[in-house]
Number of protein chains: 4
Amino acid sequence: MKKEQRREQLLQHARDVFAEKGYHAAKIDDIVAQASVARGTFYLHFDDKRRIFEELVDDFLSRISLAIVRIRVDDATNSPLAQLRDNVFRVLEVGLGDPGMTKILLKNAAGLDPDFDRKVRAFYRAIEELLALSLLNGQRMGLVRAGDRRVLGALALGSIKEILLQSVEGRITSSAQALADEVMRFLAGGILTPGLLGEPVARKERDDPPTKTRAHS
Amino acid sequence: MKKEQRREQLLQHARDVFAEKGYHAAKIDDIVAQASVARGTFYLHFDDKRRIFEELVDDFLSRISLAIVRIRVDDATNSPLAQLRDNVFRVLEVGLGDPGMTKILLKNAAGLDPDFDRKVRAFYRAIEELLALSLLNGQRMGLVRAGDRRVLGALALGSIKEILLQSVEGRITSSAQALADEVMRFLAGGILTPGLLGEPVARKERDDPPTKTRAHS
Amino acid sequence: MKKEQRREQLLQHARDVFAEKGYHAAKIDDIVAQASVARGTFYLHFDDKRRIFEELVDDFLSRISLAIVRIRVDDATNSPLAQLRDNVFRVLEVGLGDPGMTKILLKNAAGLDPDFDRKVRAFYRAIEELLALSLLNGQRMGLVRAGDRRVLGALALGSIKEILLQSVEGRITSSAQALADEVMRFLAGGILTPGLLGEPVARKERDDPPTKTRAHS
Amino acid sequence: MKKEQRREQLLQHARDVFAEKGYHAAKIDDIVAQASVARGTFYLHFDDKRRIFEELVDDFLSRISLAIVRIRVDDATNSPLAQLRDNVFRVLEVGLGDPGMTKILLKNAAGLDPDFDRKVRAFYRAIEELLALSLLNGQRMGLVRAGDRRVLGALALGSIKEILLQSVEGRITSSAQALADEVMRFLAGGILTPGLLGEPVARKERDDPPTKTRAHS
DNA sequence: GATGAATGAGCGTTCATTCAT
DNA sequence: AATGAATGAACGCTCATTCAT
C-alpha cells in the first residue's frame, strides 16, 4: 500500500506542476522536488514523463466521459432537458473539481506530444459526435431548433469550455449549479432580448444544412 | 528592401512551422530549412526563437483587435446589433484567414513561455473587459437580457472561439459570413426551441449577480 | 573540407579512447576532451556513440577484408602457398597498423551492443567460411592434410589472432613480415620436432570428419 | 548452511546472466530476478557487482590453472608429450564444462573494469610465461623446434583459445578428447602437407631470436 | 536474514545561440 | 549580409547501491 500512496502523491504533485508550468516547462526535477523525493523515485513509479502525464489526462478524460450520460427519451422522471442540464452540471462539476487538469486540457490542448495530441483530439471528436447525435434527436423531438448540428454543437461546446476555463482561472466564481443554470438559459434563449433578430423559429429543420463554402483558404 | 523581404519570408515560414508542429516542436532548424537560409541568418533578423513567435502573435492579435470596433449607439446607419454582427464577422474572417496562428492561439494558449503566456492572457482580459462593458451597455439599452456579464461574456466568447477552432481544424467548413449569422442566431435565441425553460425574459437586470459561491475547491 | 577534417579528427581520437578504455568506459566527454572540442560538436558529426564506434569498426573490418584475397590456383607467378602467406602478411600488416582497433576487436569482441555484436559475429563467420573453403581446396590439391576443416580453420585463425593480440599489446615485437613467416612455418610444421607423434601424414582426406560428440554439456 | 547455499545459488545465476548478456548488459535486477530473491538480498552476500563477477572469474581461472600441471621430465610413466596433451585436454575440458565463463573470458577480455582487466591480463601473462618456459625446456630436450618462444607460445595458445571459443559458440562440436588430439596433431605438424616449405627443422636453436623490429608503429 | 522502496551520481543527447570566415 | 561549424547549458533517464521495515 505504501507504494500506491507514493504513486498517488507523485500524481498529485505532477498534476500541480503541469498545471502551473505546462507540460514542457514542467521538469522531472520540479515534480520530485515538490514531492520531496529523489529523482530516481519518480522512475520507480512511472516509465517516463510522458506516461505520468498521460495517466493524469486519461484519468481526467474518463471522469469527464463518465459525467456525460446519454440522454434517454423514455425516462419518465427526467425530461430530456433535465438530463441535458444534469450532464452540463456534472461536466462542470468534474472540471471545477480538478482545476489543474481542466486548465491543462483547455490551454495546452496540443503540441505536447504526438501520441498525446491524438488522444485529446479523439476525445473531442467523440464528444462532438455525441453532441451532433443528441442534437439530431433533439431536432426530431422538436426540442432543438433547425440548423447545422456541427455548428450548433460547436457553439454549445464552446460556451461550456469557456465557462470552465474562466472559472478555473478565477475570473468566474459561481458554483457548478449556478453555471449549469446559466448555460441552460444561454442554450434556451441566447443572451439577447427576444425578438431582435426576426423569427429564427420559423426555419425548417434540414438534415443537409446549406452552409456556403468559405471564400478564403 | 532586401532585408525586409528576408524578414518577412522568415516570418511566413516560421508561422507555417509553428502552426504545423507547435511552438516547442518547431525547431530553428525547421524554420531556416523551410526558408532555405543558413541558421545564422535567422539570428540576423530576430533576437531569438521567442521573439519571432512573439512578433507573429503580436501581429495576429493586433489584427484581431483591429477587427473589433467599439459599438457606437449613435450610429445612424448601423444598429448596435448590426455592428455586433460585423464584429463577429470580422473576427471570424481574420481567424479563418490565418488558420495557423488561430490554431496556435486556441490550442497552445499557454505553457510556451512565461512572457508570452502573460501577453496572451492580457489580450483575453482586454477582450473580456470590452465584452463585459458592451454587455452592460446592451443591458442598459434593453438589447441584452439580465445576467452576470462575466458569464454572459464567457458564453459568447466561447462560442466564437470554438467555431473558429473547429473551422481551422476542418470540421466546420462554412464561410465567415454564414458562421457570423449562425453566431448571431445563437446569441439571439440559443439553440433550443423557445418557451422550453419557462420565462427567461422576466428576470430583472442586476449589477451584482447572485452567483452562489462554489462548493468544492 | 574543414568539416571532413573535424570528422576525421574525432574518429581518430575516438579510436584512441575506445582502445584505451573500451567501449563502455569511453565517455563522450573523454572523446571530445581529447579532441578539444565541445560536447555538441561531437553530435554535429555523428549520430550517437554507437555510430562512431560502428564506423570505426566497419572501416577496420573492411580493411581486413580487403587484405584477404581469395587464393587462385591458376596463378602462374604465385603459388597458392605464396598467396596464403601474402594474405597472412597483409592481415597482420593491417592489424599492426591499427593497434587500437585490433585490440578492441580482439578483446571486446562482444557485449558492446546487440547490433554491433551481430556485425562482428557475421564478420568472423565469413572469415571462417572462407577458411573452410580454402582448406577444402587445399586438401583437394594435396596441400592441406586431412582433418575437420572447421577445426583446422579454428587452429589457424586462432594462431593469427593471438599473434596479433600479443603484438598490439607489446608482448611480441616482430615485424609483420617476420610474423607471417613464423605463422607459415607453424602452419607447415607445427612447433614440435617432426616424427614425435607417429605418422600424421598417413591419414586419408575425409569430407565428413569423424568428430566424436562431446560428452559434457 | 543456508547462507552458503544462497551465495552459491546467486553465483550460478549470475554466471548465467553474465554469459548471456555480457558484463555490462547484465543488471543486478536480472540476476536477482533469475534467482528469485529481492534486490537487497544480493548485497547481503556480495559487496557489489564487480565482486561477484570477480569471484566467478577467479574461480574459473583457478580451475584453469589447476588443469595445467607443470611438465615433469623425470616422470617415468608419462612422457613430456603425453603430459602436454593431458594439459591441453584438461584445459579444454574445464573450458567446455563452463561455456558461459569461457565465452566471457574469451570475448569480453577487457573493458569491464580496470581491476578486473588487470587480473585477466595477469592470468594470461602467467600462462604465457609458463608456456615460454615449457617451450625452452622442450627446445633443450629437442622436443620443440627452434624459434622465438614468445611467438611459438602465442601460436599454440591462440589455437587452443580459438578452438575453445568456437566450441562454446557451437560452431565446433567435438569432444575435449578429440579436440586435444587435433591440437596435438596441429602442434606436431601444422596443417600443411610436410615438405612444402623447405626444411624448417634445420634451423638452430637460438636464445635471442633474430626478430626484425617492426616498421610501422 | 530478507525485502523492495528510495537514492543520486552520472551519462547520452538536444538544440537555441554565438561567432569566425 | 550570409554562412554553418562550434558551443555548452540543460534535461531525461539508468542503475548500482543503501537502508528502513
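Lettering follows sequence order; numbering is per chain, from 1. Since the structure is predicted, the reported quantities are computational estimates derived from the model, not experimental observations.
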Any chance you could lay out the salt bridge (charged side-chain N to carboxylate O under 4.0 Å, His left out) test for C:Lys107 and C:Glu169, step after step, and finish with the verdict?
-> CA-CA 11 Å; C:Lys107 299 185 75 174; C:Glu169 290 200 327; 2.5 Å; yes
Indicate whether OP1 or OP2 belonging to F:dA1 is found under 4.0 Å from a side-chain N or O atom of B:Lys3.
-> yes
Tell me, which of [range] have any heavy atom that sits under 4.0 Å from an atom in DNA chain F?
{"range": "residues 8-30 of chain D", "result": "D:Lys27, D:Ile28"}
{"range": "residues 107-119 of chain C", "result": "none"}
{"range": "residues 34-52 of chain D", "result": "D:Arg39, D:Tyr43, D:Asp48, D:Lys49"}

Under the ring pair (Phe, Tyr, Trp, His ring centres under 6.0 Å) test, which residues partner D:Phe60, sequence neighbours left out?
-> none
In chain order, what residues pass the ring pair (Phe, Tyr, Trp, His ring centres under 6.0 Å) check against B:Phe46, with sequence neighbours excluded?
-> B:Phe42
What pairs of donor and acceptor atoms, side-chain ones from residues 50-58 of chain B against any protein atom, are under 3.5 angstrom apart with sequence neighbours left out?
from	atom 1	to	atom 2	distance (Å)
B:Arg50	NE	B:Asp113	OD1	3.0
B:Arg50	NE	B:Asp113	OD2	3.4
B:Arg50	NH2	B:Asp115	OD2	3.0
B:Arg51	NH1	B:Asp47	OD2	2.2
B:Glu54	OE2	B:Lys119	NZ	2.7
B:Glu55	OE1	B:Arg7	NH2	2.7
B:Glu55	OE2	B:Arg7	NH2	2.1
B:Asp58	OD1	B:Lys119	NZ	3.1
B:Asp58	OD2	B:Lys119	NZ	3.1

Could you tell me which residues satisfy side-chain contact (heavy atoms from CB on, under 4.5 Å) with B:Ala25, sequence neighbours excluded, listed by chain and number?
-> B:Lys21
side-chain contact (heavy atoms from CB on, under 4.5 Å) filter on A:His24, not counting sequence neighbours, yields A:Leu112, B:His24
First-last contacting nucleotides on DNA chain E - partner chain A, under 4.0 angstrom, heavy atom | E:dA5 to E:dG10
Quick one: list whatever passes salt bridge (Lys or Arg N to Asp or Glu O under 4.0 Å) with C:Lys49, sequence neighbours left out.
-> none
Can you run through DNA chain F from 5' to 3' and write each base as (, ), [, ], | or . depending on how it pairs? Watson-Crick or G-U wobble, both distances under 3.5 Å.
-> .||||||||||||||||||||
For C:Gln34, which residues count as a side chain to side chain donor-acceptor pair (under 3.5 Å) partner, sequence neighbours excluded?
-> none
